[in-house]
Amino acid sequence: MNLNDYIRDIKDFPKEGIVFKDITPLLKNAEALKYTTEALFNLIDDKEIDKVVGMESRGFIFAPLLASKLNAGFVPVRKPGKLPADTIQETYALEYGTDVLEIHTDSIKKGDKVLIHDDVLATGGTASAVCKLIEALGGEIVQCNFLLELDFLNGKDKLEKHKVKSLLHY
Ligand code: AMP
């Protein structure tokens, strides 16, 4: 199955100059959804995982599906003010300005083996902030796994010391 047939480019979304990779055609197709979940699962080398961490909001789609297959838990990383209990936060740079992500302090135990998942790896700013949050809680990042990677933005470089694998490359 060629997954590229189920991912469409939306020009100038959410703002001018950005070509947005829209995965909703893939999500609404039962066969493509199942195939993608299996393929993302097969990308994971070490399947001894305690927690799968997904970032708001499109990381929330496949991360729990992978967690269920791994017999692991799912942990959400969210924008500020969304998580109700005690959190720690990480500020990271965007093209213009900064953004903040939060995680519950009780979501990861010291020594937990963690898989990170998001739909798109672009500049790597988001994933690198998530890595910092997990490490601050004592988690061990086993792998960072993406549905698609925009190779020309070199996001992998920001995750240098971590194993990064993506299903599709653009
Ligand atoms: P970055 O921090 O630059 O790696 O951006 C990653 C986050 O932004 C991910 O959560 C993606 O879902 C989203 N994102 C960035 N660029 C795109 C794009 N071209 N198409 C779809 N989502 C994107």
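Order of appearance sets the numbers: ligands from 1, and atoms from 1 within every ligand.
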In sequence, state the C-alpha distance, the side-chain angles, and the governing distance for Asn4 and Tyr170, and then conclude on side-chain hydrogen bond (donor to acceptor under 3.5 Å, both in side chains). CA-CA 10 Å; Asn4 292 301; Tyr170 290 89; 2.8 Å; yes
Flag the pair Val52 / Pro64 as yes when at least one side-chain heavy-atom distance between them is below 4.5 Å, and no otherwise.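 No - every pair of side-chain heavy atoms lies 4.5 Å or more apart.
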Against [X], only a single residue in [options] fulfils side-chain contact (heavy atoms from CB on, under 4.5 Å); can you say which?
| X | options | value |
| --- | --- | --- |
| Leu115 | Val142, Val53, Ile49 | Ile49 |
| Lys158 | Leu121, Val164, Thr123 | Thr123 |
| Pro25 | Ile23, Asn29, Asp22, Leu27 | Asp22 |

Go ahead and list the nitrogen or oxygen contacts between ligand 1 and the protein that come in under 3.5 Å, distances to 0.1 Å, or just say none.
from: ligand 1; atom 1: 2 (O); to: Gly125; atom 2: N; distance (Å): 3.4
from: ligand 1; atom 1: 2 (O); to: Thr126; atom 2: N; distance (Å): 2.9
from: ligand 1; atom 1: 2 (O); to: Thr126; atom 2: OG1; distance (Å): 2.5
from: ligand 1; atom 1: 3 (O); to: Thr123; atom 2: N; distance (Å): 2.8
from: ligand 1; atom 1: 3 (O); to: Thr123; atom 2: OG1; distance (Å): 2.5
from: ligand 1; atom 1: 4 (O); to: Ala122; atom 2: N; distance (Å): 3.0
from: ligand 1; atom 1: 4 (O); to: Thr123; atom 2: N; distance (Å): 3.0
from: ligand 1; atom 1: 4 (O); to: Gly124; atom 2: N; distance (Å): 2.7
from: ligand 1; atom 1: 10 (O); to: Asp118; atom 2: OD2; distance (Å): 2.7
from: ligand 1; atom 1: 12 (O); to: Arg58; atom 2: NH1; distance (Å): 3.3
from: ligand 1; atom 1: 12 (O); to: Arg58; atom 2: NH2; distance (Å): 3.4
from: ligand 1; atom 1: 12 (O); to: Asp119; atom 2: OD1; distance (Å): 2.7
from: ligand 1; atom 1: 19 (N); to: Val19; atom 2: O; distance (Å): 2.9
from: ligand 1; atom 1: 20 (N); to: Lys21; atom 2: N; distance (Å): 2.9
from: ligand 1; atom 1: 22 (N); to: Arg58; atom 2: NH1; distance (Å): 3.4

Check: Leu43 main-chain N/O paired with Gln143 side-chain donor or acceptor under 3.5 Å: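 A pair under 3.5 Å: yes.
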